[in-house]
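The structure appears below as structure tokens.
By convention in this document, chain letters (A, B, ...) are assigned in the order of the sequence lines, proteins followed by strands, and residues within each chain are numbered from 1.
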Amino acid sequence: MEEKFSNYNFYSSFRENKISLAFQGMISQDLLSLIGLSLRRKNDNEMVARRLFGLVIELAQNIYHYSTEKAYSEKDKKEVGVGIIAIGETNEHYIVCSGNRMDSRKIKLISERCDYINQLDEEGLKMYYKDQRRNPSVEDSKGAGLGLIDMVRKSGNPLTYIINDSDKPNAFLTLAVKINKTLATT
Amino acid sequence: MEDFYNPPDHFIPEIRFKAATGELNISGESFHEYSVEFYQPVFDWLHRFLEIPNKTITMNFKMTYFNTNTSRRFLEIFDLLEDYEKNKGGRVTVNWYYKAHDVDMKESGEEYMADTNLTINLIPYVS
């Protein structure tokens, strides 16, 4: 380990950004279950906790299937994606984000999909979800598109994305979505 | 025909299909990363079960969470049952249970109602 490495720096940075949970590494099924449990324990609003968990799951799925950085999972007996999952918060919102390396063409497809989804209204989202569930597009055999629509529907907020190293074949994609801490349930 | 049983785990639902009574139960959580692979044995069983016409089937969903991948598998189950009712003289009732305040799970049930021609009963429960 490098001498410059410091857990204190990590800690300070997390504190500054109000990061309540962060994980970097192999996004395994067991890890997701643990995150689910800890969210349920922490949050007093069951509905918010469940939606927050749903957002984590859909983002994690993206990493699991599409990250170009892989690690071998002994349990799954296959290579699974490596990436970052983090949950941060402001006074009013939780922010869930994922980060992982991906094929730049795939990132372009996902960012275009985000732009399209973000401009749909509630009814449009519902129709698009229905349509995509029944007729998944060819490049979406693993269901990433449906997950993106679901995240916007469940959070009530648009998806944001940041692309780093965009000049490289494997760029780095950050996807984030925020959700209100108190939900106006309909 | 034998029954089908899959014990629940943190990310897979409990599945209990009873061949003799036609009672098919799925409950719990479902967010397996490979939903196609996980549900394959379920579909294999259903295909064999639905070969014989004129059965009365009650399908009970009592889910607390499922991911978007799973939602596709559920739609495929509904399609099978709808086809069975339409073409094989089956009588199918679907009960969609949701926790009383879980508006998302209720909405999921409503969306399946809009997406199929099956009779789907939305049933709230207090846990």
Side-chain angles (χ1 to χ4, degrees), chain A residues 27-37 39-40 45-65 73 75-78 80-81 122 126-127 129-136 140-151 153-154 183-186, chain B residues 6-14 28-40 62-80 82-83 98-118 120 122 124-127:
Chain A
I27 305 295
S28 73
Q29 203 103 63
D30 296 324
L31 172 79
L32 296 177
S33 297
L34 274 177
I35 292 176
L37 281 176
L39 289 178
R40 257 166 264 186
N45 185 325
E46 196 187 338
M47 206 63 216
V48 174
R50 198 175 297 129
R51 287 188 183 173
L52 198 51
F53 179 62
L55 297 176
V56 172
I57 293 292
E58 299 299 336
L59 282 173
Q61 183 144 307
N62 221 36
I63 299 175
Y64 194 90
H65 290 299
S73 160
K75 193 179 175 191
D76 295 354
K77 303 285 176 218
K78 56 179 110 187
V80 301
E122 204 178 316
K126 193 171 176 164
M127 296 313 292
Y129 183 86
K130 184 178 170 172
D131 176 64
Q132 288 294 301
R133 181 160 70 178
R134 191 155 287 286
N135 313 299
D140 186 27
S141 59
K142 289 166 188 160
L146 210 53
L148 296 176
I149 308 167
D150 187 60
M151 283 190 271
R153 292 186 71 194
K154 294 279 159 61
L183 287 178
T185 43
T186 48
Chain B
N6 181 82
D9 204 337
H10 292 304
F11 43 85
I12 51 177
E14 180 172 46
E29 300 191 324
S30 177
F31 54 101
H32 201 289
E33 270 120 356
Y34 295 93
S35 72
V36 174
E37 288 87 341
F38 171 72
Y39 280 96
Q40 193 54 52
K62 198 173 183 179
M63 302 300 296
T64 49
Y65 172 76
F66 59 93
N67 65 357
T68 54
N69 249 334
T70 299
S71 93
R72 282 212 175 108
R73 305 292 85 75
F74 286 178
L75 185 63
E76 286 159 12
I77 292 177
F78 286 129
D79 286 348
L80 279 181
E82 187 176 329
D83 178 70
Y98 63 95
K99 266 190 190 172
H101 298 290
D102 190 347
V103 288
D104 291 342
M105 196 53 72
K106 185 183 178 206
E107 190 176 29
S108 294
E110 287 167 350
E111 289 184 8
Y112 282 121
M113 284 168 83
D115 240 5
T116 68
N117 290 315
L118 291 163
I120 302 178
L122 299 177
Y125 67 92
V126 180
S127 57

- Query: Is the charged tip of A/R133 near the ring of B/F74: under 6.0 Å from the six-membered ring centre and within 45° of its axis?
  - Reply: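 The answer is no; the distance or angle limit is not met.
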
Just how far is it from atom [atom1] of [X] to atom [atom2] of [Y], taken to the nearest 0.5 Å?
{"X": "A/R134", "Y": "B/D79", "atom1": "CZ", "atom2": "CG", "answer": "4.0 Å"}
{"X": "A/M47", "Y": "B/K99", "atom1": "CE", "atom2": "NZ", "answer": "10.5 Å"}
{"X": "B/Y34", "Y": "A/H65", "atom1": "OH", "atom2": "NE2", "answer": "5.5 Å"}
{"X": "A/L146", "Y": "B/N69", "atom1": "CG", "atom2": "CG", "answer": "8.0 Å"}
{"X": "A/L32", "Y": "B/F11", "atom1": "CG", "atom2": "CZ", "answer": "9.0 Å"}
{"X": "B/E33", "Y": "A/Q29", "atom1": "CD", "atom2": "CD", "answer": "4.0 Å"}

- Message: Does this structure show an ion pair linking A/R50 with B/D104, if we count only N-O contacts that are shorter than 4.0 Å?
- Response: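 Salt bridge between A/R50 and B/D104, a charged N being under 4.0 Å from a carboxylate O: no.
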
- Task: Mind running side-chain contact (heavy atoms from CB on, under 4.5 Å) on B/H10 and A/D30 for me, showing each step along the way?
- Result: CA-CA 8 Å; B/H10 292 304; A/D30 296 324; 5.8 Å; no

- Message: Between B/E111 (side chain only) and A/K130 (backbone N and O only), is there a donor and an acceptor less than 3.5 Å apart?
- Response: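 No, because the side chain of B/E111 does not come within donor-acceptor range (under 3.5 Å) of the backbone of A/K130.
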
- Under 4.5 Å heavy-atom distance to chain B, tell me which part of A/R153 shows up: side chain, backbone, both or neither.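 Side chain only.
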
- Pairing residues for B/E76 by the side-chain contact (heavy atoms from CB on, under 4.5 Å) criterion, not counting sequence neighbours: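 Counting only residues at least two positions away or on another chain, B/E76 forms a side-chain contact (heavy atoms from CB on, under 4.5 Å) with B/F43, B/R73.
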
- Task: List in chain and number order the residues that pass ring pair (Phe, Tyr, Trp, His ring centres under 6.0 Å) with B/Y39, two or more places apart in sequence or in another chain; answer none if no residue qualifies.
- Result: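 B/Y39 satisfies ring pair (Phe, Tyr, Trp, His ring centres under 6.0 Å) with no residue once adjacent residues are dropped.
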
- Message: Please give me the minimum heavy-atom distance between A/S33 and B/F31, naming the atom from each residue.
- Response: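 Scanning both residues completely, I find the closest heavy atoms to be OG-CZ, 3.9 Å.
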
